[in-house]
Novice: 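One structure, pasted below without further comment.
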Amino acid sequence: MSRIIKYIFYDLLRTRFILLYLVFLLISTLAMFQLDSDPGKVTMSLLNILLMIVPLVSIIFTTIHFYNSYEFMELMLAQPVNRKTVLIAQYIGVSVALAIAFLIGVGGPLLIFGGGAAGTSMILSGIMLTLVFVSLAFLASVLTSDKAKAIGGALLLWFYFSLIYDAFILWVVYNFGDYPLEKPILVLISLNPVDLARVMMLMKMDISALMGYTGAFYRQFFSSSSGILFSVVVLVFWIVIPFYCTLKVFVKKDI
Amino acid sequence: MSKWKKYIIKLFLYPLFFTGLCFGMPSTVSRTIWVKSGDSLKEKIEQAEPGDTIIVRKAHYRPGNMIIQKPIVLKGLDYPVLDGEFRYEVFTIASLDVVIEGFHIINSGRSSMQDMAAIKCLDAHNVILRNNILENTFFGIHISNTNNARVECNTLRSKSTYEYEHGNGIHLWKCKDADITGNNIHGHRDGTYIEFVTHSSISENISRGNIRYGLHFMFSHDDTYRHNVFKNNGAGVAVMYTANVTMLYNSFENNWGSSAYGMLLKDIRDSHVRYNEFIANTTGIYMEGTSRTIFEHNIFRENGYAVKLMASCDGNNFQNNSFVLNTFDVSTNGLAVFNKIDGNHWDKYQGYDLNQDGYGDIAYRPVSLYSMIVEQVPPAVMLWRSFLVFLLDRAEKVLPVVTPENLKDNKPLMKSHDFYLQSE
């Protein structure tokens, strides 16, 4: 398997997209630190990158990569190699490459300029989001055999998690505002990895705004070690479950 | 021998003195009385004559309740401990011109019926309370109906979890020309409580970790507050029903909670709030029924809401303030606007300044749509900073529907005023 991962890595480096992504993250993060002396404001701007760009790039890049390396996979499968091994190697290759790009591109400047506790949790949630969306992209890719359809599906997933789902939560909040909503909202938020990552950051940044009854409830939950563990575990589920489904489909798929 | 001498002197002197008094001769002799361990401080005070100075050496005294009804000076050497044994009010002062200085008073009696305090002053004009340490007291310093009181450099520490367990640190009721300077108050119910106190100055005090308010005043006109620090208090600072207050260079920090405010202004009018800092409070300033008050050169930083400006406020003017890194800058509860917020610096302002006069060319609307949604449905705060909310806020800024159209800064400062201060 390690040899397959190595070839995938070489292949990824040859397309240079990962390098471009790294440079983009590095330049934009550095530029933010240069433009704004206040680390608090920088983290706020970085949050947008984290919540919009990272999922988008992860999901689209992975889908395209999957179809570009379709022939390579066919070649591999003609050898006496397990289908699972090939797919897992693909997953590891892509996700590690993207995660490293994020780690260097955003984590590097944060390390130099100092991001504090918010910075640490930003890197952690960025990597988690990368893994989640790579996972989702694989699922979207194996479910169709058409590249355009798969990219469309991936985009739709991204759109759903970043915008449509929040609109749904807002609708719930507005319509059921008379009921105690703290726990239902907590459940709803854990059903969306982007929201979960955002709330983890919110707890670090806007803590003084959250001190109403509702905010205090969430703060107590997400600041406790069990709350952090809960969000990490839920994010891991978001990585594992789509990928497990992908494996199931891929093993039986007619390639 | 010396003991005998003292008695002989007393035997001769006292009758002389009293005959002097009887004949109406003014006594100009002011003595210094020394009190050491084992002496009864209470008796010494009873024996003292007006104008005497009593110096108390370092020891642990259990004097019970000392009532001072003559103008004397009481000084502690190296902080002698006066223990109220959780039963007595240590000092009750009911005379003009009393000075209490350098004592360590602990364990005062507790009673909500009598408002027991470590030092209580009644009609004690010109009283000076200086450099005392008060620990575990019910009320710390309780002054009523006293003009020209001076409370300087005292340290008040107390531990309590419930409001009813404790009184206020420094409590003034119906006073004039009081001067409260340099005190450090911790763990009381209200750090400083002031009611019907006029023409007074409260400065350089540090009030932190109090269960209710760091500073609480009502009906206290013409007072000045300078250089005080209010930090980590249960509900911040509340000031009510007062006219003509001046607040300068105070710092309001870390007051967290759903009903905690950096500063709560209720029915305040014709006042000045300048050069203050509001840092990391759930609400920086909450204003209700406040009129004709000027807010200038204040810094609002990292607050949940910098200013909650209720629609019942009118004629207030915000100018040259800096709003930096607040979650919400301004929120309000109505569409009518009778206040001016022109000429402030907002870090969220995205306009431009083509003519380079330092003011942005397009108006800034500090009220965010989402702050109004959160006001209505608090759980909605969990969507803050999501892309959807960003879009909603943008749309509202372009075309205000829900937020008050006229609550806007027509001349937003491009740079924060403290930037100018630094560069000068």
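Quick caveat: nothing in here was measured; it's all calculated off a predicted structure. Lettering of chains follows the sequences in order, A, B, ..., and the numbering in each one begins at 1.
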Novice: Identify which part of B:Gln376 has an atom lying under 4.5 Å from any heavy atom of chain A, answering side chain, backbone, both or neither.
Specialist: side chain
Novice: So which of A:Ile185, A:Leu163, A:Val199, A:Asn48 has the biggest tally of heavy-atom pairs under 4.5 Å with chain B?
Specialist: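 Highest number of pairs under 4.5 Å: A:Leu163.
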Novice: Under 4.5 Å, heavy atom to heavy atom: which of residues 232-239 of chain B reach chain A? Give them by number, or say none.
Specialist: none
Novice: Less than 4.5 Å to any heavy atom of chain A: does that hold for the side chain of B:Asn255, its backbone, both, or neither?
Specialist: neither
Novice: If you compare all heavy atoms of B:Met382 against all heavy atoms of A:Ile189, which two are closest, and at what distance to 0.1 Å?
Specialist: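 Here B:Met382 and A:Ile189 meet closest at CB-CD1, 3.7 Å.
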Novice: So which of A:Leu202, A:Asp195, A:Leu186, A:Asp178 has the largest heavy-atom pair count under 4.5 angstrom toward chain B?
Specialist: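 Most pairs with chain B among the choices: A:Leu202.
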Novice: Taking the side chain as everything from C-beta on, heavy atoms only, tell me whether A:Leu170 gets closer than 4.5 Å to B:Leu392.
Specialist: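 Sidechains of B:Leu392 and A:Leu170: in contact.
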Novice: Hey, is OH on B:Tyr249 packed in by over 12 heavy atoms from elsewhere, all under 6.0 Å?
Specialist: no
Novice: Between A:Arg219 and B:Trp256, which heavy-atom pair has the shortest distance, and what is it?
Specialist: NH1-CZ3, 3.9 Å
Novice: Got a sec: does the NZ of B:Lys348 have more than 12 other heavy atoms crowding it under 6.0 Å?
Specialist: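 Counting other residues, nucleotides and ligands, NZ of B:Lys348 exceeds 12 neighbours.
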Novice: If you define the side chain from C-beta out and look only at heavy atoms, does anything of A:Val194 sit under 4.5 Å from B:Phe387?
Specialist: no
Novice: Any idea which of B:Leu383, B:Val389, B:Thr327 has the most non-hydrogen atom pairs under 4.5 angstrom with chain A?
Specialist: B:Leu383
Novice: Does any backbone or side-chain atom of A:Met201 lie under 4.5 Å from a heavy atom of chain B? Answer side chain, backbone, both or neither.
Specialist: neither
Novice: Heavy atoms only: give me the nearest B:Val377-A:Gly177 pair and the separation to one decimal.
Specialist: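 The pair with the smallest heavy-atom distance is CG1-CA, 3.6 Å.
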Novice: Apply the side chain to side chain contact (heavy atoms under 4.5 Å, CB included) test between B:Pro379 and each candidate in A:Leu181, A:Val172, A:Ile169; give the one that qualifies.
Specialist: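 The single option meeting the side chain to side chain contact (heavy atoms under 4.5 Å, CB included) with B:Pro379 is A:Leu181.
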Novice: For B:Lys308, look at atom NZ and say whether over 12 heavy atoms of other residues, nucleotides or ligands are found less than 6.0 Å away.
Specialist: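 Counting other residues, nucleotides and ligands, NZ of B:Lys308 exceeds 12 neighbours.
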Novice: With a 4.5 angstrom heavy-atom cut-off, could you sort out which part of B:Leu388 is near chain A: side chain, backbone, both or neither?
Specialist: both
Novice: Quick one: does B:Arg385's side chain have a donor or acceptor within less than 3.5 Å of a partner on A:Leu47's backbone?
Specialist: no
